[in-house]
Structures are given as C-alpha cells and as structure tokens.
Amino acid sequence: MKKLIFIFIFFSLNIALVSCQDANATIQLQEDPRVEKIDDIDAKVNDLLSKMTLEEKIGQMNQYNGFWDLTGPVPSNGDAAKKYDHLKKGLVGSMLNVRGVKDVKAVQKIAVEETRLGIPLIIGFDVVHGYKTVSPIPLAEAASWDLEAIKLSAQVAAEEAAAAGINWTFAPMVDISRDARWGRIMEGAGEDPYLGSRIAVARVEGFQGDDLSAANTIAACAKHFAGYGFSEAGRDYNTVDVGTSTLNNIIFPPFKASVEAGARTFMNSFNELNGLPATGNAYLQRDVLKKQWDFDGFVVSDWGSINEMIAHRQAKNRNQAAELAVLAGSDMDMESYAYVNELVNLVKSGKVKESLIDDAVKRILKVKFELGLFDDPYKYCNEETEKQVTGSRRINDAVLDMAKKSIVLLKNDNNVLPLKKKGQKIAVIGALANDKTSPLGSWRIGADDNTAVSLLEGLKAYTGNTITYAKGADVVTGETLFPKELTINATDKSGFPKAIATAKNADVVVMVLGEHGLHTGEGRSRTDLNLTGVQQELLEEVYKANKNIVLVLNNGRPLTINWADEHVPAIVEAWHLGTQSGNAIAQVLYGDYNPSGKLPMTFPKNVGQVPIYYNHKSTGRPNLPSPGEVFWSHYTDVSNEPLYPFGYGLSYTTFAYTNLKVEKIADHQVKVSFDLKNTGKVKGKEVAQLYLRDEFASITRPVRELKGFELVELNPNETKNITLMLTDKELGFYDNDGKFVVEPGDFTVFVGGDSTASLTSQFTLK
Ligand code: NOJ
C-alpha cells in the first residue's frame, strides 16, 4: 500500500515538474561546463569524473528497479521513498523496468534537472525477444540459423524499445546450456558454442546497430557471465561446477564473441563457479573479461546478486559483499543497495581504493556518452515516435518472418503436410490452440497478455476448409499472473469426450500441445519433460479416434515426445513464437512457407539422458564391444541416441549432399566444398552444416563440433556448390592453461543436414 501511495505522489510530482519546467534540457546542459566542446569521449569522462564527489561516483554504480518489482523479489532492505530520495541526490546511475516515454522522461528529468551534476540515467529493460511486439523466444530464433533474420529481429526490438524510452537491453543471453530441465534454456541459443557465438554477434549488432548514439539503437548486455547454463540438475540458481576445458571451449566463446562484436555491457550471474559466486569472481570479471578480452564497457550485477553472496556464504554481511564484488570487477549494483550504502565507508577506511571506483564509473559514463545521453538525455523520449513505432507494420512483418523461419518440421510421414487448402474438415484440439498469451513465451514483460495471434485465428484466416475447435484439456489452471508459479499439472479431463467427437468427424486433426509460455523462463525448471498435465492422455485418446494427426508443439525447451514420434504422422516444433505466432504456424501448415528450421538443441528420449548433447567426448568405452556386453558407456533401459539430434529438421522438399572435397590452401587454411541439391518437388531452404573432429589432441576433443554452416535456398533439381573455410579459429581449441592452440594431426570433416552427417573426408595438419 505504501508503495502505491508513493507511486502516486511520485508521478503527481513529475507531472507538475514536466509542465512547469523547460522541457528542453539541452539548454541547461549546454551551460554546464562539462559539455564544453571536448571531442574525445574519454576526455569528457575524465573531465566529468574530476568534478564528482565520492558519493556521486558511487551513485553512478547504483541501479534501482523502477518501483514495479516485475522481474525479481522486492528487496526487504529498501523502499521506494528512499529510492526517490537517492534519485534526487544523484545517487542513482541507472534504473531498470521504467518504460514508456512518459515514465522515462519523468525519472530522467529528476536526474538531469534536479541533481547537482545532471548526469542522465541509463534506462535498462529486459528486451529479450521484443518489447511490446514480441518475436519468437531466443531458442526458437536460434532454430532458424538465419543470422540476418535474427539481427533484424534484435534491430526492430531495439527500435520499439528505444521509442519507449529504453536505451539498454539486458540481452543477449548467451549462456550455453545442455540441460532442457533448466527453465532459462528458452532464453539462449541452445547447446552449441559455435552457433551460439554467431547468434550472439547477430544479436549484439542488431541491438546496437552501427551508431549507438542513434535514437533507435540500444546498448546490448551479454549475460550471464559465466556458467549459469550449467546449473546442477537444471535447477535454476543452483551450483555450477565445470572443468577448465568446458569453461574455455564451451561457455566462454559466445561471451568472447560478444565482446568482439562490441557489446557495451555484461551482466554477471547468480551461480558460483569453483566456489566463488560470479559476482565476487575476479578471475571472471577482471582477469578474463576486462584484461584478457580487453572489454572496456561495464559489468552490471544480476538482480540482488551482490547481496546473494551472503546466502552463498562467501560474504558475512552486505559490507563484505560490496567489498568483494567491487574488487572482483562488478561495476554496477542491480537492486542490492550494497554499493550505495557500503562503498563510501569502504573507500574511506582504505579497504577499497578510490581508483577502483573511478574505473567502474568511467566505464559507466563512457557508455552513457556513447549512447548520446549527454547530448540529449531525452533523445529516447519522443511521444510521437513512440506512437508511430510501437506495433508498427515493419516490426510486425519482421517478427512474422522470424517466426516462420524458427519453425522446425520434426516428422512428416505420408506428406500429411502441407494441408490441403480446400474442402477439408479440420479439427483443432488443445487449449494452446486458442491461447493468445502463451505464444508470447517467457521474458516478454513489455507485452500485454492476449496480444498474440492464436493458431486458431491463424488457421481461420484460410477460409477454404471447415474448422471445428475443442479445447480437450487445460494446460494451466487458476492464477496466471506473472511472476506467480503456474500450475503444471492440470488434471481435468471433462473436455476429452468433445475433443474425441470433434476428431472423429474430421479429415485431419491439428493438435496443439506442449507447455504454457510461463512454464518456462527464470525460476521455471522442470524435472520431467513431458507434455504437461493430461495432454499426453488427450493425445492418445484422440489418436484412437483419428490417426491423421498433425501435432504442433508449443514449448520453450526440448520435450520428450517419444510416443508422438512413434505414432503421430506429422510433428511441427513451433516453440513460443511471439505476437505473430498463429499466422506463422498456419502459413507453414498450409505450405505457404516451407519450413527450414533446425534444432539448436538435442531432443532427449527421456529426462534421464539429460544432459545429452551432440558434441560430447568419446569416453574410454564408447562402443558396444560385442553383442550383449555390459561394460561400456550406456544405459540398460534406453539407448544413448537422442530422439532428434542437434541440427535436425525436415522440409517439404528433400536435399542431397555429394562431392565433398577438402583442400589445404595454406598452412592453416582448409577449403571444404560440396554439392547440395534440392531433390524434391518444391523450392526450399536447407542449413548445410559442417562438423569437424580433431582425431587426437593434447586434451581430448569432442566426437564432432559444428564449425560452419550456410543457409541455402534451392529450386527443385537445382544444385549449388558450397564452400566453407576452416582457419585457425575453427581448427584450434583452448588448452587447460587457457591458451588457444592449433595442433598438428588428423582431422575428419562431416557435412550434411544435421549433427549425424555422414559424408566425410579427412585431412592432416602439419
Ligand atoms: C534477473 C535475471 O537473471 C536477469 O537476466 C535479468 O536481466 C534481471 N533479473 C533484470 O530483470
């Protein structure tokens, strides 16, 4: 209640402020000595820093949530009134979760016009897959393997967010993960460091554009540094314990690629790594990120992660947590209230050198200068632009295009798909078919509920067939208010009879099953990967009535769908595809778009196989020695093979790979070429993939690793010769001293349409 009253007073005050003060703050800034014509940003930063008190410097390192408490627990040790007071005193450098021109302007105005130095705030928000218009969840986008489309998706997300006053996104999430139980798997690019790195670059470039100071670009944030995707047992926030080689060769590459692509900020992570919480981990933040990789942006803590160092039992109290975090290189404190309360004394007592504070503040100010906030702190605050850009045609076109490209065709026996456009009776079954919220997925806090096109709506746009709908069973019951936990085990089967009757009467049944958008994401890990609630039973009952089923999956992670794979003729992986979901899926089902997506994660047969990933090590006992033997690396009850391998996905056409040639052009330059032919009857796209095995090395290497790919569109009977190059970057690896080495020896190349590709050739590096 107190908070509500505060919000009211806060905004009433600001409405008054906005109306009685000159809105053109640049006039005030021009009179400010710190904006005298100094060309170089570093010089400007140094000049400003020299005018700041210790308290003001530490204020820049303090980030507050915008009083709405959307994406984390409400801190018990601070209240909104205190935040407001700090804002006025210049003790806040950034706010998150303030959005919309009106609100951003209101807080920015306080920072710029009421504080002594008028330093603008940097406004952060989780623009993870779109702001108000939502694109597919990042895992789905990764399934497109279409770097241009992914870049455009980030670009339009930046455009819409920037128009709403936001200038910094907490994305891309570049955590590699091999564990589908982990709820945040939906937020990254999957299990592979090569694909993950290429996508990280596309996303950073998309958000930041060529000119960070433009009013339609925003600063990116590579997160969560590092290891968060390896939480034990897939349980969110759990301990991480990985070896040096995995850290260097699997976890680090997308982060390093993000730095190289110019990501201006990093976020550290909730987990510990080798006994040190990432927030208090100097090896990660200082040695690797800032020194080895020469990162000159700033690191923000994750929400409350400085305080969580106490729960981790690294720090005894907030004072020590602040000390350890700043020493370790965490530059900005998100919602721990640790820096703002503890750092002044830590500096005065000599425990923390002021030079460390200066370094953090310089990094933060530099990004603010680069964003152009000092030239015009309201550059992201134009009501007209906000109106024009939000939900624009261009943005909707881009997210529709992205959604179509993200769909993966998993099975299509007897060419059940594409659906005929006329004269068919189609039964549509499943609560998710008629859901306009779930397709938005998790991490879409800027979008309103009920704003996605449902699949039922998408199908109805095609008018040649008769469509009958039956829900069958709920996927969630009760409370659906974010961020409450959603029920996962809806049990009501009273809708079954109607669903069965509807199916009996139909030529084809489209069943939309899986998990709700909010069954995934932060804090939403699962120990089983089945269709939730009674959906599996519903599927089996409907199958008894009509076997001609197209199963459309809506999910944020690999699911275990063995029964469906054995029985159902067609399966379409449609993830959570965002605002245009229903239109995208309908266009694929009707063949107006030929699916081209490929899985960015291995799909397990059962949860006991997890973590299961294609680029595993060989082990000392990889093969069954002779029939019936037991002493080899396997399970007694299920094979080692996944249900669907990494890189897998079908099309309405077929492709053939031939003519593989491997040629050494120079010392460490290998040219791989092959022919790809469309052997089917329709035009289609294929992601041609190249995998490499380093046969023997000083440390064991994976059985194969993705090292190149090309997305190719071909007409029926058309053949294209594809060339992919292998250079040091692809041929080498990090040894256990963290040194990148390219070792002489034998290599095997594999090319094909997924990670089981069997066309091979060898070469030797001298
Ligand atoms: C916690 C999440 O881990 C992080 O990814 C997110 O950016 C922050 N909350 C802010 O919402």
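Numbers here simply count residues along the sequence, with the first being 1. Atoms within each ligand, like the ligands themselves, are counted from 1 in listed order. Predicted, not measured: the structure shown is a model, and the values here were computed from it.
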What do we get for [X] next to ligand 1 when only non-hydrogen atoms under 4.0 Å count, side chain, backbone, both or neither?
X	result
Met173	neither
Leu96	side chain
Gln63	neither

Per-atom contacts of ligand 1 with [X], taking only distances under 4.0 Å to non-hydrogen atoms:
X	result
Phe170	7 (O)
Lys223	4 (C), 5 (O), 6 (C), 7 (O)
Arg184	2 (C), 3 (O), 4 (C), 5 (O)

We want to know whether [X] and [Y] form a side-chain donor-acceptor pair, criterion being a heavy-atom distance below 3.5 angstrom.
X	Y	value
Asn554	Trp575	no
Tyr237	Glu522	yes
Asn319	Glu342	yes
Asn268	Gln285	yes

Polar contacts were defined as any N/O atom of the residue lying under 3.5 Å from an N/O atom of the ligand; does this apply to [X] and ligand 1?
X	value
Asn97	no
Asp302	yes
Trp443	no
Asp126	yes
Tyr228	no

Fill in: Sub-6.0 Å ring centroid separation between Phe298 and Trp168
yes

Worksheet, complete the sentence: Closest heavy-atom pair, Asn65 versus Met95, reported as atoms and distance to 0.1 Å, is O-CE, 3.8 Å

Worksheet item: Between Lys290 and Asp331, is there a salt bridge with N-O shorter than 4.0 Å?
Response: yes

Worksheet entry | Lys/Arg N to Asp/Glu carboxylate O, Asp103 vs Arg99, below 4.0 Å | no

